[in-house]
Amino acid sequence: MSQIRGRFQKDADKKVAEFTASIPFDWRLYPYDITGSIAHARMLAKQGIISADEAQIIIEGLASIRKEIEQGKFQFKTDLEDIHMNIEARLIEKVGEVGGKLHTARSRNDQVALDLRLFAREAIKDTLLRLKDLQRALLNLAEANRDVVMPGYTHLQRAQPVLLAHHLVAYFEMLQRDIDRFKDCLKRTDVLPLGSGAVAGVAHNIDREFLAKELDFSQISQNSMDAVSDRDFVVEYEAAASIGMMHLSRLAEEIILWSSAEFDFIELDDTYASASSIMPQKKNPDVAELIRGKTGRVYGHLVALLTTMKALPLSYNRDMQEDKEGFLDTVDTLLSCLEILAGMLGALRVKAENTARAAKQGYILATDLADYLVKKGEAFRHAHEIVGKLVSYAVKKGKSLNELSLKEYQGFSPLFGNDVYSITVESSLSARNSTGGTAPVQVNKALSSARAILEGK
Ligand code: ARG
């Protein structure tokens, strides 16, 4: 019978034990559980709640259990429910009765909250590094293709010419907001819950400040009931991850579109593409598709946890054990997507001739033509109408704008002069010189400030 079933006459049914166990997934919290327990043992000894010798035995026992797990020698047991009980049971097995003193002044409720916060803190730090790596990959690609022109789209219709670098820095900006969100989430995650006990606090003379220092927490929770039942920090990570995945899915989608024969703007490296089992000519963008696809599970985990937490009465309820699988999977998924996408960007080839050709087609300079008339005194609305008619005329004639004669132009407005032929993709780009615009001057500025952000200047 497991060591906490003192009041029971029977063991739990095997199926029930399997149903209630979290060890199949929470074993991954072992490094945090052990780190937390070592700090707790030190605190107990410092406060004279256990002796220094007892603490020493416990700490050495825990360290050797960590080794056993790392070397794959530890036997996880489902009937011991979770990682906390598995480690405690093994500790008692190894060091005897004194191991039973570790859980003094502690409950699994504040213990699991601690483990999860320690895990989340690491996860956030890893996420921030990976976000920066992806920013770096975007920026490298943008800098290497500074002069590459492409169509800017709205409604997935060619709208106005832009620099590819401008398009890529848009994603750099999104990721910068993601970084800010995770940093913000870190502030609220970095709070020590240990010392809250099961619900009401702890009836021993503990030192929570000491624990916070040992475990490097910048704050201490101020309400024991909140501390054992709060999972906001997990929800926040998952929310920030969902927004991040939304960003990645948009970039993945563009990579998929751009690598299609219809766009033909980029060529994926062979290492990031898959072959078809039946059509030998195909080079499929499966990696980008999977990044786009995995967005679904990350959103799902967020909604699942919000739903699990909804209307839960204070304080800890076993429902909350459901927080872990989704959280672990969210972290794994986000980290791998960030890493893979950065690698894919580093390896792809931009087909600058094709993007430039596309930027010239489709009456993409029509806005510039309207702006030209405005500069000659026409009201914008009227200029818009004139150019609309002009485009419709050119479409009918099967001509591009620069193939129209001055006479044809002047048929629509007397304001057109010979200088209308100096409207080009290049003039269109450099005209958009407002802050944040696609003019090369602006884009170069954006590239250097992005570089400065990356290098932490
Ligand atoms: N396995 C539990 C969880 O993951 C640990 C806390 C259990 N506490 C309890 N009172 N049953 O949430």
Side-chain angles (χ1 to χ4, degrees), residues 1-8 10-37 40 62 65 69 74 76-92 100 102-123 189 191-203 221 224-235 237-238 301 304-332:
M1 191 170 290
S2 91
Q3 77 265 38
I4 64 162
R5 291 182 72 83
R7 68 156 287 184
F8 295 91
K10 297 192 230 164
D11 261 343
D13 178 78
K14 192 169 176 310
K15 283 216 169 77
V16 172
E18 275 169 13
F19 180 74
T20 51
S22 52
I23 192 68
F25 42 88
D26 73 9
W27 69 269
R28 282 179 58 185
L29 297 178
Y30 81 84
Y32 311 101
D33 200 71
I34 290 172
T35 302
S37 288
H40 186 66
L62 288 168
I65 291 172
I69 301 178
F74 190 95
F76 293 105
K77 294 186 187 136
T78 309
D79 57 335
L80 289 173
E81 193 180 309
D82 56 27
I83 186 63
H84 328 294
M85 309 257 293
N86 266 271
I87 290 175
E88 191 184 330
R90 180 73 183 123
L91 181 68
I92 293 167
L102 171 63
H103 211 53
T104 316
R106 185 174 76 168
S107 150
R108 266 187 305 157
N109 296 348
D110 56 357
Q111 188 179 359
V112 71
L114 172 69
D115 291 9
L116 216 50
R117 282 180 184 270
L118 289 171
F119 169 80
R121 228 169 45 175
E122 289 286 311
T189 302
V191 180
L192 173 86
L194 192 61
S196 299
V199 51
V202 170
S221 65
S224 61
M225 300 183 80
D226 179 40
V228 295
S229 63
D230 165 34
R231 293 293 182 274
D232 291 6
F233 63 100
V234 182
V235 175
Y237 182 96
E238 292 181 358
H301 295 321
L305 183 58
L306 284 169
T307 312
T308 295
M309 295 305 293
K310 174 183 176 288
L312 276 189
L314 295 186
S315 55
Y316 177 83
N317 297 273
R318 191 63 178 272
D319 314 47
M320 289 159 66
Q321 180 171 293
E322 287 289 306
D323 57 5
K324 283 170 208 63
E325 284 160 290
F327 187 24
L328 293 166
D329 186 64
T330 299
V331 174
D332 294 344

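Indexing begins at 1, ligand by ligand and atom by atom, following the structure's order. Atom set for the values below is all heavy atoms of this structure, side chains included, hydrogens, waters and symmetry mates excluded.
For Q111, no heavy-atom contact with ligand 1 is shorter than 4.0 Å. For D323, no heavy-atom contact with ligand 1 is shorter than 4.0 Å.
Atoms of ligand 1 lying under 4.0 Å from any heavy atom of S22, numbered from 1 in the order shown and given with element: 1 (N). Distances below 4.0 Å separate heavy atoms of K324 from the following atoms of ligand 1: 3 (C), 4 (O), 12 (O). Close approach to D82 involves these atoms of ligand 1, each under 4.0 Å from a residue heavy atom: 1 (N), 2 (C), 5 (C). For ligand 1, the atoms closer than 4.0 angstrom to any heavy atom of Q321 are 1 (N), 2 (C), 3 (C), 4 (O), 12 (O).
For the atom pair OG (S37) and CD (Q111), the distance works out to 5.0 Å, reported to the nearest 0.5 Å.
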Problem - D115 vs H84, side-chain hydrogen bond (donor to acceptor under 3.5 Å, both in side chains): CA-CA, chis, key distance, verdict - result: CA-CA 9 Å; D115 291 9; H84 328 294; 3.3 Å; yes

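Side-chain contact, Q321 with R318: a donor N or O sits under 3.5 Å from an acceptor N or O.
The cationic atom of R117 (NZ for Lys, CZ for Arg) lies less than 6.0 Å from the six-membered ring centre of F233 and within 45° of the ring axis.
By the 3.5 Å distance cut-off applied to N or O atoms, D26 is not counted among the residues near ligand 1.
Between S315 and the choices V199, D230, N109, the side-chain contact (heavy atoms from CB on, under 4.5 Å) rule is met once, by V199.
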